[in-house]
**Q** 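Before I ask anything, here is the structure I am working with.
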2 protein chains.
Amino acid sequence: MALKYALLCSLHESSATGYELTQRFRERMGNVWNASHQQIYRELGKLLDAGLLEVETVHQTDRPDRKLYRINAAGETALAEWVNLPAKRPAVRDPMLLKMFAGDLMDPNAFSRELVRNRVEWERQLAEYRAIEEEFFSHPQQLPRHYQLQYLALRRGIMGLQTWLAWAGEVEEAL
Amino acid sequence: MALKYALLCSLHESSATGYELTQRFRERMGNVWNASHQQIYRELGKLLDAGLLEVETVHQTDRPDRKLYRINAAGETALAEWVNLPAKRPAVRDPMLLKMFAGDLMDPNAFSRELVRNRVEWERQLAEYRAIEEEFFSHPQQLPRHYQLQYLALRRGIMGLQTWLAWAGEVEEAL
DNA sequence: CCTCATTATGCAACTTGTTGCATATACTAG
DNA sequence: CTAGTATATGCAACAAGTTGCATAATGAGG
């Protein structure tokens, strides 16, 4: 059910094509929701069938036509309803942590290399989020409520990555 | 693919019934892997068919028979292979954070109540993990490698919950 | 006495997410 | 000149996860 609302949320902010939504889920919303383009295109079709979206085909000569999706009144209603329902805590399924439960079978060097790769990735992500923070949210006190909550979601992303990095430090020290 | 290895990991530690595995995924491994009993029983059947497990039916007169699953040599081999492959980072899909992207549709009181409910849950979990830490890992320096890595996975759980609580503090202060 | 929680297993239907493939053009780097 | 990246969409098959239901006995609490 929830990808549906992730798309409605994003389109509620501003209309977009499937391609643009894919990018948002990778970038600005990467911290909050992930989905592949295949999944997104499929779900957009369903939402259109369900009458929660409108679509406008923007013709292009050089590239495939863009389909610009826009949330409509029914979509807004559905979204507003969902937003005020309590959300489920997401399930945890982390294969790397899982491997640590069979640590006696693990090659220490392979694991160290994996940690380093992850650390690089976490640092890259953190730098990205920090850049968004500086660009859009340098004065969080003055933000309208809408953006204040988005800012707090971003803060969650930043704190989460800092925790991963701190944990990686503990692990490297212990090994 | 990965529930398969989660079960092999857990059975690699010690043989168990589906019921016990369900409990482990809720308790000691809750931080690392979640799965419902339905999913677990189904997957145990597949692993048995694939020849990675053995099963022994323990008769009980008062209750349904227990089926005790044990990992076999083929299972150990498969697990050892998987453990040394790099793991994928899990996808992020958090409905609560998602809602914050449509913050203008949100009832502030409903959200505050939700935050408080989550905070209570995070605190409860944290207390549980801390209890495990004290019981089993009071002298982490002296642990054999196998348990040292499990301890570090638990540390990750503790740090993750602390971060959620710190974030909740930031949110409450901001609102 | 009755209901609820615990132990213990599982099927069936459904929804969600992944993987592999396909198409088509323009621009950039080597 | 050729390979790769970016734009832009999508189908089909498959794997994984959820939800609802079913069975069956014991013990505890009201």
Side-chain angles (χ1 to χ4, degrees), chain A residues 1-8 11 15-27 29-30 32-50 53 55-69 82 85 87-95 98, chain B residues 1-8 15-27 29-30 32-50 53 55-69 82 87-95 98:
Chain A
M1 274 293 91
L3 172 58
K4 168 177 165 179
Y5 295 106
L7 291 168
L8 290 176
L11 292 171
S15 303
T17 66
Y19 191 81
E20 285 161 352
L21 289 163
T22 307
Q23 289 177 317
R24 289 185 195 175
F25 283 154
R26 243 205 337 259
E27 291 155 25
M29 300 180 72
V32 160
W33 207 269
N34 297 162
S36 66
H37 70 100
Q38 291 94 331
Q39 224 192 327
I40 289 167
Y41 285 118
R42 189 218 267 156
E43 194 70 27
L44 283 171
K46 284 190 196 171
L47 292 177
L48 201 62
D49 287 348
L53 302 181
V55 71
E56 182 194 345
T57 303
V58 181
H59 189 64
Q60 299 190 125
T61 45
D62 49 344
R63 288 173 191 174
D65 293 353
R66 307 169 79 232
K67 290 191 179 179
L68 189 66
Y69 290 91
W82 176 78
L85 256 39
K88 275 191 208 167
R89 286 283 75 211
V92 181
R93 291 189 186 101
D94 191 315
L98 180 57
Chain B
M1 274 296 88
L3 172 59
K4 167 176 165 181
Y5 296 106
L7 291 168
L8 290 176
S15 302
T17 66
Y19 191 82
E20 285 161 351
L21 288 163
T22 307
Q23 289 178 317
R24 289 185 195 175
F25 283 153
R26 243 202 340 258
E27 291 155 24
M29 298 180 73
V32 161
W33 207 268
N34 296 163
S36 66
H37 69 100
Q38 292 93 331
Q39 224 191 328
I40 290 167
Y41 285 119
R42 188 216 269 154
E43 194 69 28
L44 284 170
K46 284 190 197 172
L47 291 177
L48 200 62
D49 288 347
L53 303 180
V55 70
E56 180 193 347
T57 304
V58 182
H59 189 63
Q60 300 189 123
T61 45
D62 49 346
R63 289 173 191 177
D65 293 352
R66 306 170 80 233
K67 290 189 177 179
L68 189 67
Y69 291 90
W82 176 78
K88 277 193 208 167
R89 286 283 75 211
V92 180
R93 290 189 187 101
D94 191 313
L98 181 57

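Chain A is the first sequence line, chain B the second, and so forth, proteins listed ahead of strands; every chain is numbered from 1.
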**Q** Yes or no on side-chain contact (heavy atoms from CB on, under 4.5 Å) for A:Met29 and B:Leu98, after CA distance, side-chain angles and deciding distance?
**A** CA-CA 8 Å; A:Met29 300 180 72; B:Leu98 181 57; 3.8 Å; yes
**Q** Take the protein atom CG of B:Leu3 and the nucleotide atom P of C:dG17, then report the distance between them rounded to whole Å.
**A** 17 Å
**Q** Which parts of residues 40-50 of chain A get close to DNA chain C, meaning a heavy atom less than 4.0 angstrom away?
**A** A:Arg42
**Q** To the closest 0.5 Å, what do you measure between OH (A:Tyr69) and CG (A:Leu11)?
**A** 9.5 Å
**Q** Please name all residues satisfying salt bridge (charged side-chain N to carboxylate O under 4.0 Å, His left out) with A:Arg89, sequence neighbours left out, ordered by chain then number.
**A**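 Salt bridge (charged side-chain N to carboxylate O under 4.0 Å, His left out) list for A:Arg89, sorted by chain: B:Asp94.
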**Q** Output one line per pair: protein atom, nucleotide atom from nucleotides 24-27 of chain D, and distance, for all N/O pairs under 3.5 Å.
**A**
residue, atom, partner, partner atom, Å
D:dA25, O4', B:Asp62, O, 3.2

**Q** Can you give each donor-acceptor pair under 3.5 Å made by side-chain atoms of residues 17-27 of chain A, sequence neighbours left out, with the distance rounded to 0.1 Å?
**A**
residue, atom, partner, partner atom, Å
A:Thr17, OG1, A:Tyr19, N, 3.4
A:Thr17, OG1, A:Glu20, N, 3.1
A:Glu20, OE1, A:Thr17, N, 3.0
A:Glu20, OE2, A:Arg66, NH2, 2.4
A:Thr22, OG1, A:Gly18, O, 2.8
A:Arg24, NH1, A:Ser10, O, 2.9
A:Arg24, NH1, A:Ser10, OG, 3.0
A:Arg24, NH1, A:Ser14, O, 3.3
A:Arg24, NH2, A:Ser14, O, 3.3
A:Arg24, NH2, A:Ser14, OG, 2.9

**Q** Which of residues 19-27 of chain A have a heavy atom under 4.0 Å from DNA chain D?
**A**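 Here the set is A:Tyr19, A:Gln23.
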**Q** Is the shortest side-chain N/O distance from B:Lys88 to OP1 or OP2 of C:dG17 below 4.0 Å?
**A**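 No, no such contact exists.
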**Q** Does A:Gln39 have any side chain to side chain donor-acceptor pair (under 3.5 Å) partners at least two apart in sequence or in another chain, and if so, which?
**A**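 Listed in chain order: nothing, the list is empty.
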**Q** Indicate yes or no: at least one non-hydrogen side-chain atom of B:Leu44 is less than 4.5 angstrom from one of B:Ile40.
**A**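 A side-chain contact exists here, since the closest heavy-atom pair is under 4.5 Å.
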**Q** Quick check: any donor-acceptor pair below 3.5 Å linking the side-chain of A:Gln39 to the base of D:dG10?
**A**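 For A:Gln39, whose side chain was compared with the base of D:dG10, there is no donor-acceptor pair (under 3.5 Å).
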**Q** Given that B:Gln38 and A:His37 both sit by DNA chain C, which one's nearest nucleotide is further toward the 5' end?
**A** B:Gln38
**Q** Please check the phosphate of C:dT19 (OP1 and OP2 only) for any side-chain N or O of A:Ser36 closer than 4.0 Å.
**A** no
**Q** Would you say A:Lys67 places a side-chain N or O within less than 4.0 Å of OP1 or OP2 belonging to D:dG10?
**A**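 Affirmative; the distance criterion is met.
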**Q** Among D:dG17, D:dT9, C:dA8, which is the nearest nucleotide to the side chain of A:Arg93?
**A**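 Shortest atom-to-atom distance from the side chain points to D:dG17.
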**Q** Take atom CD of A:Gln60 and atom P of C:dT25, then tell me their distance rounded to the nearest Å.
**A**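 It is 14 Å, rounded to the nearest whole Å.
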